[in-house]
Amino acid sequence: MIRINLLPIRAAQKKERIRSQMSILILSLVAASIACGAVYFTMMARISDKQGEINSVQAQINQLQKEIGEVSRYKKLQADLKKKLEILQVLKNGRSGPVHLLDELNNALPDKVWLTDYSVSGGSVKIVGMAINEDAVASFMERLSASPYYGSVELSGISQSVQNKIKLQKFNLTCRTLQPAI
């Protein structure tokens with residue numbers, strides 16, 4: 001009987017199978033590494049793109065914040081200017097107001113009426129004076145009420161006094177100042 005020693009062939013086949021399995025394992029590891037590297041670089045590219053978008057949006061936000069700051073500064077300047085214009089208008093109206101009040105008072109004053117006190121406090125006017133009779137006081141009140149600068153003319157009190165043997169009517173008036181429509 002012939003004997004064939006199959007051990008070296010089996011050992012060679014076994015070595016060959018191990019070698020092929022090792023090469024498949026190495027090729028699998030290389031393929032997995034390449035796949036992981038591709039996924040990694042793809043993700044890094046996406047992250048880089050998103051970071052670029054974030055930086056772009058942040059730059060736009062900063063630019064808009066500067067513009068908002070400028071707009072709010074302009075609004076503040078506009079409000080300050082409006083306040084100044086309102087103050088100027090009040091001063092302009094107040095500049096001619098007392099002149100008109102006194103001019104209208106002079107026009108409304110009859111011949112036989114004398115004023116002893118005239119005071120303006122806010123929008124209220126107090127007039128104290130003397131007249132020859134009650135008709136002169138009534139005439140003065142009517143003329144004053146007809147003026148566009150005086151309103152709500154009311155007689156606070158009237159009393160009779162004698163000076164140099166002449167009977168005079170001492171009166172107190174109160175009224176409001178008005179701004180006529182121009």
Side-chain angles (χ1 to χ4, degrees), residues 1-105 107-108 117-127 144-154 156 173-182:
M1 189 156 98
I2 303 179
R3 282 184 157 186
I4 300 176
N5 188 1
L6 295 177
L7 281 179
I9 292 177
R10 284 185 185 162
Q13 285 177 346
K14 190 175 185 183
K15 281 183 182 180
E16 187 62 35
R17 267 190 265 138
I18 289 176
R19 203 178 288 152
S20 74
Q21 286 178 356
M22 286 301 280
S23 62
I24 290 174
L25 176 67
I26 291 174
L27 286 176
S28 301
L29 288 176
V30 168
S33 297
I34 290 173
C36 286
V39 169
Y40 174 78
F41 286 117
T42 303
M43 288 297 164
M44 290 304 289
R46 283 185 183 172
I47 289 172
S48 177
D49 289 344
K50 293 299 178 185
Q51 190 65 36
E53 288 178 23
I54 289 171
N55 291 339
S56 173
V57 168
Q58 188 64 39
Q60 288 177 349
I61 288 172
N62 291 339
Q63 180 65 28
L64 292 175
Q65 288 292 343
K66 289 179 184 176
E67 291 176 10
I68 288 171
E70 288 180 26
V71 167
S72 63
R73 185 175 65 91
Y74 285 127
K75 284 184 179 179
K76 183 179 181 251
L77 288 174
Q78 183 182 18
D80 290 344
L81 183 61
K82 281 183 181 179
K83 285 180 185 176
K84 289 177 183 177
L85 288 174
E86 288 172 0
I87 290 170
L88 286 175
Q89 187 64 36
V90 167
L91 290 174
K92 183 179 175 183
N93 291 342
R95 178 179 67 187
S96 63
V99 172
H100 290 296
L101 287 174
L102 292 175
D103 185 43
E104 288 294 320
L105 181 67
N107 291 338
D117 187 34
Y118 178 84
S119 61
V120 178
S121 172
S124 177
V125 177
K126 182 179 177 185
I127 301 171
L144 205 56
S145 293
S147 169
Y149 290 92
Y150 291 96
S152 301
V153 178
E154 295 179 7
S156 299
L173 295 177
T174 57
C175 56
R176 289 183 302 119
T177 61
L178 302 174
Q179 284 291 336
I182 298 172

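The analysis underlying the following values was restricted to heavy atoms, covering all of them including side chains, and did not include hydrogens, waters or symmetry mates.
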Using atom types as modelled and distance alone, determine if a side-chain donor or acceptor of Ser33 lies under 3.5 Å from a backbone N or O of Leu29. yes

Output for pair (Asn55 CG, Gln60 CD), nearest 0.5 Å, gives 11.5 Å

Just how far is it from atom SG of Cys36 to atom CD1 of Ile34, taken to the nearest 0.5 Å? 10.5 Å

Let me confirm one number: the CD1-CD distance from Ile68 to Gln63, rounded to the nearest 0.5 Å. 11.0 Å

Identify, with sequence neighbours excluded, every residue that meets side-chain hydrogen bond (donor to acceptor under 3.5 Å, both in side chains) alongside Ser147. Glu104

Taking the side chain as C-beta and beyond, is there a heavy-atom pair between Ile127 and Leu105 under 4.5 Å? yes

Which pairs pass salt bridge (charged side-chain N to carboxylate O under 4.0 Å, His left out) with one or both residues in residues 11-24, sequence neighbours excluded? Glu16-Arg19

If the condition is side-chain hydrogen bond (donor to acceptor under 3.5 Å, both in side chains), which residues does Ser152 pass it with, not counting sequence neighbours? Arg176

With heavy-atom distances below 4.5 Å as the criterion, would you say the side chains of Leu178 and Tyr150 are in contact? no

Just so I know, are the side chains of Leu101 and Thr177 near enough to count as touching, which here means a heavy-atom distance under 4.5 Å? yes

Working note: Tyr118 + Leu102, criterion side-chain contact (heavy atoms from CB on, under 4.5 Å); need CA distance, chi angles, decisive distance, verdict. CA-CA 10 Å; Tyr118 178 84; Leu102 292 175; 3.7 Å; yes

Measure the spacing between CD of Glu67 and OG of Ser72 and express it to the nearest 0.5 Å. 12.0 Å

Smallest separation among heavy atoms of Leu144 and Cys175, with atom names: CD2-SG, 4.4 Å

Is any side-chain heavy atom of Arg46 closer than 4.5 Å to a side-chain heavy atom of Met43? yes

